[in-house]
Amino acid sequence: MAKSSSSDAQALIRSLRSAYAATPTKLKIIDLYVVYAITTAVIQIVYMGIVGSFPFNSFLSGILSCVGTAVLAVCLRIQVNKENKEFKDLSPERAFADFVLCNLVLHLVIMNFLG
Amino acid sequence: MVPNHGSIGLRALICALLSICAAASIRPISDAHRSAALDLFVPSGGLFQSLEETYEALRTFQILGVGNFSDIGPATCPVIIDNLTSPASSPKDLFDAIRVNSILECQIGSQTFKDVAEKFQDLIKSTDKLMNFYYSILGLLHVKAQGVSVVLPDAEGVFYSIKALSQNDGRWQYDSNNAESSTCAAGIALEALAGVVSLADIELVQSKIGTIKHDIVKLFDSINSYDDGTLYFEEKHIDGSEYKGPLATTASVVRGASAFAAIVSEKLNIPGDKLVGIAKFLLSVGVPSSTKDLFNQIDSLSHIENNRISIPLILSLPSTVLSLTSKDQLEVEVTTVFGSAAPPLTVNLVRASSSDVKNNPILENQELQFDTEKNVHYLDILPLKIDIGKYTLEFEISLHDPENLNTYATGGHAHSLIFLTGLVKVDKSQIGIYDTDSESSASMLKLDFFKDDKISLVANHLQKLHLSFQLFTPLGNTIKPHQAFLKLRHESKVEHIFALESSSRQYKIILDFLALVEKFYYLSGRYDIELAVGDAAMENSFLHVLGYIDLDLPEPPERASRPPSLSVDPYARFGPKQEISHIFRAPETRPPKELSLAFLAFTLVPLGGFVIGLLTLGVNLKSFPSSSVHALFSLLFHAGIAAILLLYVLFWLKLDLFTTLKVLGLIGVFLIFVGHRTLSCLASTSAGKVKTN
């Protein structure tokens with residue numbers, strides 16, 4: 001039973017990998033960016049766990065910067081993905097411009113809150 | 001701390017008390033006023049500060065009969081002539097000059113007087129202000145007194161104009177614009193109206209004069225009174241710029257009323273008692289300390305002394321402290337306000353009552369005898385057997401000749417406060433120590449307060465000290481003095497004061513040392529014993545050191561209160577104070593620097609991972625536009641984003657939000673423009689690619 005489940009898991013992962021390989025490069029870049037942002041957030045949380053949350057506003061702004069930009073990247077990915085029927089009329093350049101604008105506003109707020 | 005000078009300290013206290021009482025009683029004008037006049041009105045080089053002050057000084061000197069004018073005349077006359085002849089003089093200057101001249105009588109030509117009279121007459125025709133009327137009318141009166149004939153044009157019109165400013169309550173306005181009525185203005189208006197009547201060459205209608213008399217009566221109805229029966233005038237509306245106190249206001253009304261009373265044929269209907277009350281008020285000021293107050297007091301009193309209504313008689317006591325020991329007699333003087341002799345009269349002491357026991361009069365209806373040599377009415381109080389203390393006396397004056405009642409006013413009953421002092425005898429005084437349980441078998445020592453032998457006692461904390469004595473007045477009654485204190489003073493200057501209790505016959509105190517151990521701060525040793533007994537009516541109040549007592553008290557426990565430290569330098573409070581140590585909130589613990597830097601490095605690791613991942617994915621820059629224009633725009637786009645990020649870093653480091661937003665706005669507009677161009681190029685090329693595909 002365990003063997004079959006582990007082999008099931010392996011089969012699952014293999015199929016996921018092969019399916020993923022088929023995704024266009026642009027989306028892979030975006031996925032990589034999201035992973036980068038989340039990793040940075042995790043490192044900050046580990047740091048806070050070690051030294052305590054003394055300048056709490058700085059901690060929050062750091063975390064929210066990472067999480068916010070990850071969220072915006074996910075939105076960009078949804079809008080740019082050609083298989084997504086809802087955003088057919090939206091050009092990828094327009095989506096990218098929105099992404100840049102939203103990031104700039106987010107980071108203005110973050111910098112203000114950083115203190 | 002009661003000084004250790006025997007009875008001197010207490011006597012000083014009694015003298016102070018009695019001098020306060022003496023100041024409250026009224027005395028007629030005396031040499032004290034004359035010397036005050038010479039002290040206050042001091043000319044420098046024959047000249048006073050202003051012509052108004054010159055007039056006040058000269059008039060005061062004239063009434064009191066002091067001062068010589070020989071040095072004032074030569075210095076002031078040129079100033080007067082200058083004022084009278086100068087065309088720029090105000091009406092007030094002319095008025096002051098002319099009335100000083102009426103006292104000094106400088107050599108002035110009649111032409112100058114005629115010119116001045118003309119100026120006054122012009123002013124009367126053209127003005128409607130009360131003060132201008134006053135200056136010109138009284139000025140014309142003074143000019144007329146110099147022998148120059150003056151004519152008051154349209155006397156009835158002037159009378160009406162002044163009367164028009166009067167108000168319903170007897171007060172006057174200063175001019176028709178000023179809505180507030182003033183009592184001072186009433187006095188001034190009455191003087192001016194009296195001047196009009198004397199200057200006018202036709203008889204004014206009697207009904208007009210009657211209305212003015214009615215106004216005067218109404219004015220006197222609004223008089224204020226103090227509790228002791230003195231009456232005064234005061235302004236109801238107080239002008240912020242110039243406040244005239246009750247003395248100045250009363251003086252103004254008295255001048256006006258007496259001036260008017262002098263010109264009417266029949267007497268004004270003012271009760272004599274009111275004049276007595278006003279005279280008492282003016283005298284109760286005492287000796288004033290300012291020139292204006294002294295002038296107002298003396299001038300108005302001289303008007304009262306010489307007025308046609310009734311002359312007040314003042315009852316005063318030359319001394320309000322009578323001593324039984326020196327067999328003083330009660331003496332009363334009745335004089336006019338300036339101390340002149342009164343007509344033959346009798347003074348009757350209606351009632352004398354003790355200030356403590358109000359209802360029972362001690363004496364009733366004693367007639368005082370008259371001593372013609374000393375000009376006083378006296379009463380021998382020794383045979384009347386009055387005890388020492390404070391008494392209120394009520395006197396009544398009855399004139400011998402009933403005709404004098406028309407000329408003089410006695411003012412009802414006069415009240416006075418006197419002190420009767422005498423020697424107090426101390427009897428049956430004894431002091432002793434006894435044990436708590438054996439109160440009856442106490443060995444008491446007899447004390448004599450007025451001998452010099454000191455007693456010495458020894459006691460421990462289980463015993464009690466007993467002191468008792470009796471006090472008798474010269475007539476043999478018991479007395480309860482104002483002060484009866486026992487003081488114990490330790491060698492280290494720590495003092496304790498106890499008040500003696502009085503029972504029906506004697507004063508005594510019992511000090512229970514067991515209860516007082518803590519109060520004495522557990523200090524054993526020698527204590528000096530002092531007894532202080534004093535009263536305002538007691539001539540021999542004393543502060544007596546009885547001797548000393550050696551007290552043996554137990555050791556103080558650990559938490560006993562310490563005696564207060566006595567060497568307090570009164571200037572020590574100005575020295576530096578104790579340093580204040582502030583308590584700040586402990587700062588938060590920060591992590592060590594190396595840890596923080598290590599994690600900074602860690603945070604940059606995912607960035608490296610991102611870049612490596614990009615390379616692994618085979619990211620290329622092929623879609624970068626090749627044509628120069630598009631390339632430029634793309635470069636500018638990236639540069640714009642980099643600039644904004646740099647701006648954010650600067651914002652974090654040192655800029656404030658407003659500057660950042662301003663710059664951000666500028667770069668943002670640029671970025672939007674450039675970005676739009678770049679992305680539309682990209683969109684068109686990718687659309688072209690799709691099309692070709």
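All values below were derived from every heavy atom in this structure, side-chain atoms included, with hydrogens, water molecules and symmetry-related copies excluded. Here the structure is a predicted model, which is why all the values come from computation and not from measurement. Protein chains get the first letters and strands the later ones, always in sequence-line order, with residue 1 at the start of each.
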Counting only heavy atoms not in [X] (residues, nucleotides, ligands), do more than 12 fall under 6.0 Å from its [atom1]?
X: B/Lys654; atom1: NZ; result: no
X: B/Phe602; atom1: CZ; result: no
X: B/Glu518; atom1: CD; result: no

Using non-hydrogen atoms and a 4.5 Å limit, figure out which bit of [X] sits close to chain A: side chain, backbone, both or neither.
X: B/Leu657; answer: side chain
X: B/Leu614; answer: both
X: B/Tyr648; answer: both
X: B/Leu647; answer: neither

Roughly how far, to the nearest 0.5 Å, is the [atom2] atom of [Y] from the [atom1] atom of [X]?
X: B/Leu653; Y: A/Met111; atom1: CG; atom2: CE; value: 8.0 Å
X: B/Thr603; Y: A/Gln44; atom1: OG1; atom2: CD; value: 6.0 Å
X: A/Asn112; Y: B/Leu661; atom1: CG; atom2: CG; value: 8.5 Å

Beyond-backbone contact of [X] with [Y], side-chain heavy atoms, under 4.5 angstrom:
X: B/Leu671; Y: A/Leu104; result: yes
X: A/Ile50; Y: B/Phe599; result: yes
X: A/Thr39; Y: B/Val605; result: no

Specify whether B/Phe610 and A/Tyr36 have parallel, tilted or perpendicular ring planes, treating 30° as the upper limit for parallel and 60° as the lower limit for perpendicular.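 B/Phe610 and A/Tyr36: parallel rings.
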
Contact summary for B/Leu617 and A/Ile29, nearest pair of heavy atoms: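 Distance-wise, the nearest heavy atoms are CD1-N, 4.0 Å.
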
To check you understand the geometry: which heavy-atom pair defines the closest contact between A/Tyr47 and B/Leu595, and what is its length?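 For A/Tyr47 and B/Leu595, the tightest heavy-atom pair comes out as CE1-O, 4.2 Å.
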
Is chain B contacted by the side chain of [X], its backbone, both, or neither, given a heavy-atom distance below 4.5 Å?
X: A/Ser91; result: neither
X: A/Val100; result: side chain
X: A/Phe96; result: side chain
X: A/Pro92; result: neither

Among A/Thr40, A/Val35, A/Val46, which residue has the highest count of heavy-atom pairs closer than 4.5 Å to chain B?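 The candidate making the most pairs under 4.5 Å is A/Thr40.
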
Report the C-alpha separation of B/Thr660 and A/Leu108 in whole Å, then their side-chain angles, then the decisive distance to 0.1 Å, and conclude whether the side chain to side chain contact (heavy atoms under 4.5 Å, CB included) test is met. CA-CA 9 Å; B/Thr660 314; A/Leu108 175 67; 4.3 Å; yes

